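Below, read A as the first sequence line, B as the second, and so on, with proteins coming before strands; counting in each chain starts at 1. None of these values were measured; they are calculated from a predicted model. Atom set for the values below is all heavy atoms of this structure, side chains included, hydrogens, waters and symmetry mates excluded.
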2 protein chains.
Amino acid sequence: MTSAPSGTRFSAIPRTAAQTRVLDAALRLIAEHGVSGTSLQMIADAMGVTKAAVYRQFKTKEEIVVAITEREMARLEDAVEAAEAEGHPLRAREVLLDRMIDQAIERRGVVSVLQFDPVIIRLQAEHEPFQRFIERLYAALLGTEAGVEARFHAAMLSSAISVAVMHPLIADFDAATLRAQLTKMTRRMLDLPETAQDSAGSAKSRSAAP
Amino acid sequence: MTSAPSGTRFSAIPRTAAQTRVLDAALRLIAEHGVSGTSLQMIADAMGVTKAAVYRQFKTKEEIVVAITEREMARLEDAVEAAEAEGHPLRAREVLLDRMIDQAIERRGVVSVLQFDPVIIRLQAEHEPFQRFIERLYAALLGTEAGVEARFHAAMLSSAISVAVMHPLIADFDAATLRAQLTKMTRRMLDLPETAQDSAGSAKSRSAAP
DNA sequence: GTCTATACCACGATAGAC
DNA sequence: GTCTATCGTGGTATAGAC
């Protein structure tokens, strides 16, 4: 505990190649079946190895889930830090939202699973590093104010972004269309003026789907 | 099949008192642990009976999950029908959104679980009555148009509403505050003018949280 | 008709020996 | 890395008590 770094940096956690392979396979399966619906056997089969081989890389199933969560949070961590580096809280929020949209699109389907799986929710509540990071994320999302409306906006935004990207109604949207619409909508939700770039993006996107 | 009613009416499915007790207990547990994370044993324990007693009411676990989904959809069914009864599609959408907000608040936490659990998602894809109903719901939500923007709006709204109500940042909101904020936000997302009622609601709500 | 007692088999995570 | 074992628990099933 004496060597514990003051700031939790998920990005700094080292993984061997074998561990990374386990995490990749596990994430794919968990995204499809949920944590409880994914067994070590399934992970092993997907990797073409035995259960014992998986068990060698991570002592328990929970460790795998923790590692997956850490890896996913590491990506968001970069976004939060980029936002915190901005001087102005309003500008910070914009940067963060932009990055969150990027990531939600880039990892379409994955983000929401991690956000809604009951097992992962419990894990996040139990592991302090996760808790601390989430609070940091919320802080950046809230900016300076913390009233009813601000909190509602932050809640609505952070949930809507990660969920909308995997909605069946827009499953056929390409990344560019999605990003344009999401950017436009988040700005509207916050009552911010649309940027010229947004309008161009959303106009272009209109031709992207029949 | 000859006796199958033309319109699927989930509301018309009869349940005995014993079955209802099983569904109540199961829903609570599933909302907390997910479908895969909930065993017949847990359901039985929660009811203070044995596994066999549960098994007597529903032959399989899947039947329980189907029944739960039917029961929850029956509630939405009323909302969809009320919307369809409106002449104007725009007005229909407003009515539906209003009811969806009501239900998301009333059954806070339950709606989103059913919407995101991998097992239930698979079930919905496999059972045609569920599929048909969902399409009906989307149709009412889309109104007349079905372009990129309209679909995006429908997706964003239907996901955001059910998810936001259980977001930790606003877990302390009371029902009235939630409803006011949700109504206001959905109107803003659709670029509709705010109603006097909304403003009053959101003003009142401001005093509901410190 | 509803619940209990009990059993069955497959599979879950875990573990140590190879 | 694999093989094999352990041990609990999953869902399913039947027979019989109230």
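Remark: R21(A) engages no residue in a salt bridge (charged side-chain N to carboxylate O under 4.0 Å, His left out) (not counting sequence neighbours). Applying the salt bridge (charged side-chain N to carboxylate O under 4.0 Å, His left out) criterion to R99(A), with sequence neighbours excluded, gives no partner residue. Residues satisfying the side chain to side chain donor-acceptor pair (under 3.5 Å) criterion with S158(A), sequence neighbours excluded, are H167(B). The side-chain contact (heavy atoms from CB on, under 4.5 Å) search around V35(A) returns I30(A), K61(A), V65(A), D117(A), V119(A), I120(A), not counting sequence neighbours. Considering only residues two or more places apart in sequence or on other chains, T186(B) meets the side chain to side chain donor-acceptor pair (under 3.5 Å) condition with none of them. Scanning for ring pair (Phe, Tyr, Trp, His ring centres under 6.0 Å) contacts around F152(A) gives an empty result, with sequence neighbours left out.
Under 4.0 Å is where a charged nitrogen must lie from a carboxylate oxygen, and between E94(A) and R187(A) at least one such pair does.
The salt bridge (charged side-chain N to carboxylate O under 4.0 Å, His left out) pairs that include a residue from residues 26-47 of chain B number zero, where partners must be two or more places apart or lie in different chains. Legend: salt bridge (charged side-chain N to carboxylate O under 4.0 Å, His left out) pairs involving residues 63-81 of chain B, not counting sequence neighbours, sorted by first then second residue: R9(B)-E77(B), R9(B)-D78(B), R9(B)-E81(B), R15(B)-E70(B), D24(B)-R71(B), E72(B)-R107(B), R75(B)-E106(B), E81(B)-R136(B).
Proximity of residues 14-29 of chain B to DNA chain D (heavy atom under 4.0 angstrom from any strand atom) is not detected for any residue. Contacts between residues 60-72 of chain A and DNA chain C, counted as heavy-atom distances below 4.0 Å, involve T60(A), K61(A). Applying a 4.0 Å cut-off to non-hydrogen atoms, the residues of residues 38-59 of chain B that approach DNA chain C are V49(B), T50(B), A52(B), A53(B), R56(B), Q57(B), listed by residue number.
Scanning DNA chain C 5' to 3' for nucleotides with an atom closer than 4.0 angstrom to a non-hydrogen atom of chain B gives a first and last hit of dT2(C) to dA5(C).
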(message) Pair V111(A), M100(A) - check side-chain contact (heavy atoms from CB on, under 4.5 Å), show working.
(response) CA-CA 10 Å; V111(A) 178; M100(A) 285 176 69; over 6 Å; no

(request) List the steps and the verdict of side-chain contact (heavy atoms from CB on, under 4.5 Å) for E149(A) and Q181(B). (result) CA-CA 8 Å; E149(A) 277 215 324; Q181(B) 292 286 343; 3.5 Å; yes

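Note: F10(B) and F130(B) meet the aromatic proximity criterion, with ring centroids under 6.0 Å apart.
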